[in-house]
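Take a look at the structure set out below.
Side chains are part of it too, since the values below use all heavy atoms of this structure and drop only hydrogens, waters and symmetry mates. Being a predicted model, the structure only gives us computed values, none of them experimental.
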Amino acid sequence: MSIDQGNTTRRGVLKGAAAALALAGAARAALPAGAFAQGAGPEVKGAKLGFIALTDAAPLFVAKEKGIFAKYGLPETEVLKQASWGTTRDNLVLGSEGNGIDGAHILTPMPYLISAGRVTQNNVPVPMYIMARLNLNGQCISIAKEHIDHKIGLDTKPFKAVLEAKKASGKAVKAAMTFPGGTHDLWIRYWLAAGGIDPDKDIETIVVPPPQMVANMKVGTMDCFCVCEPWNEQLIHQGIGYTAITTGELWKDHPEKAFAMRAAWVDKYPNAAKALLMAVMEAQQWCDKPENRDEMAAIVAKRQWINVPVADVVNRMKGKFDYGTGRVVENSPHIMKFWADNASYPYQSHDLWFLTEDIRWGKFDAATDTKALIGKVNREDLWREAAKALGVSAIPTSTSRGVETLFDGKVFDPENPAAYLNSLGIKKVA
């Protein structure tokens, strides 16, 4: 199904990765939360970080452009554009020693899928650490202009009839997302399924890299897609489609991208990892200040980053949402957040929701020990260390943000994910 599941070809690196999960676990045991030596400088002068051309990668762009990486002793940090999430995965498997990358702006479930070997060549685990969440909210589901008269929104029941009629005429119906089991895949699946559309049977789900979404919809490749900005707003500016919802309407202040690093890199260079994390967190604070949003839009639109007109970025970055249907929302409560409301904190409960949804859709086995997996990948302990060094006054003390309610009334209690699955008609094997 996927056109974005390229194979990694460097077998030597992959053989080395096979033993890495056990090594990372041993290093974690030997170097727990206090792994970052106090007062020591970075062991290296930089790292190679990947990004996809999306506005929620802004903290990495800002940290590079404004010299924040250099401020923390990492002047040689590179922020490198990746063609797709599949490319990001492959380059993380390689690591910089194999001409790949050390870390990335990434879809939150991907470090879990990579660490568990669910999306790597020969299912070889490559241990990853989630160091921080990069943002809340900010994705959208867009629909092709051919369906604009229906003005589909949160309720997809009317969309089901539209798609059935199109299929009856002999035409294919397709929904695009950016990586199987990733956030965009899970948002569009949740939205479709809530209206009775089975994303595995009633519509073909395809993988398209974010920067190619608009071009593919222009030539009629798909009926709808889920992706981050600026591609939803660009779609409207080009008269090709409209926004059905922004994903904050599905789940207000939902977690989205993560800042993740190869576990081996963090374990080898703990001081550099702390410095890198502090730089990203400072950039997140800068990005979230309203007075910086115009400048941030100008930065992310630059050729070396997203390479789009500033007009495709600035309005939604500042909270103005023109849905392309005549509906315009000023000061949207679903604006992308980088720091406010603990946006940067990598809550374990958020990771658990993604893993639970990936169990729902078969990306993880029902018997997956989610608690153990989260314990290996989520490094909120390192986030707290970095926050203390930054002088952050309000540091979350809980691994959970608590019970979450989605738009259709489904309740996710991180203390009882099985009940959530049961409410969706799915039985989780212990």
Check for a donor-acceptor pair, side chain of [X] on one end and backbone N or O of [Y] on the other, with a separation under 3.5 Å.
X: R293; Y: V314; result: no
X: K274; Y: L382; result: no
X: D358; Y: K363; result: no

Which label fits H254 and W187: parallel for a plane angle under 30°, tilted from 30 to 60°, or perpendicular past 60°? tilted
Check the angle between the aromatic planes of Y347 and H350 and answer parallel, tilted or perpendicular using the 30° and 60° thresholds.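 If you compare the ring of Y347 with that of H350, the planes turn out perpendicular.
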Looking only at non-hydrogen atoms, find the nearest pair between [X] and [Y] and report the distance.
X: A104; Y: L92; answer: CB-CD1, 4.4 Å
X: G138; Y: C228; answer: O-SG, 3.7 Å
X: H105; Y: W85; answer: O-CZ3, 3.2 Å
X: K48; Y: E78; answer: CE-OE2, 3.3 Å
X: S344; Y: Q284; answer: OG-OE1, 2.8 Å

Atom NZ of K320 with >12 non-hydrogen neighbours under 6.0 angstrom: no
Taking the basic N atoms (NZ, or NE/NH1/NH2) and the acidic carboxylate oxygens, is any pair closer than 4.0 Å for [X] and [Y]?
X: D351; Y: R133; value: yes
X: R189; Y: E357; value: no
X: E295; Y: K66; value: yes

Say whether [X] and [Y], considering side chains only, have a donor N or O and an acceptor N or O under 3.5 Å apart.
X: H334; Y: E249; result: no
X: T87; Y: Q82; result: no
X: E404; Y: W251; result: yes
X: T243; Y: N232; result: no

Assess R327 against Y242: is NZ or CZ under 6.0 Å from the centre of the six-membered ring, and within 45 degrees of the ring's axis?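 No cation-pi geometry.
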Partner set under side chain to side chain contact (heavy atoms under 4.5 Å, CB included) for A387, not counting sequence neighbours: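 Here the qualifying residues are M281, W383, V392, I395.
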Applying side chain to side chain contact (heavy atoms under 4.5 Å, CB included), can you list everything that pairs with A63, at least two apart in sequence or on another chain? I68, F69, A283
In chain order, what residues pass the side chain to side chain donor-acceptor pair (under 3.5 Å) check against K410, with sequence neighbours excluded?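 Applying side chain to side chain donor-acceptor pair (under 3.5 Å) to K410 gives none.
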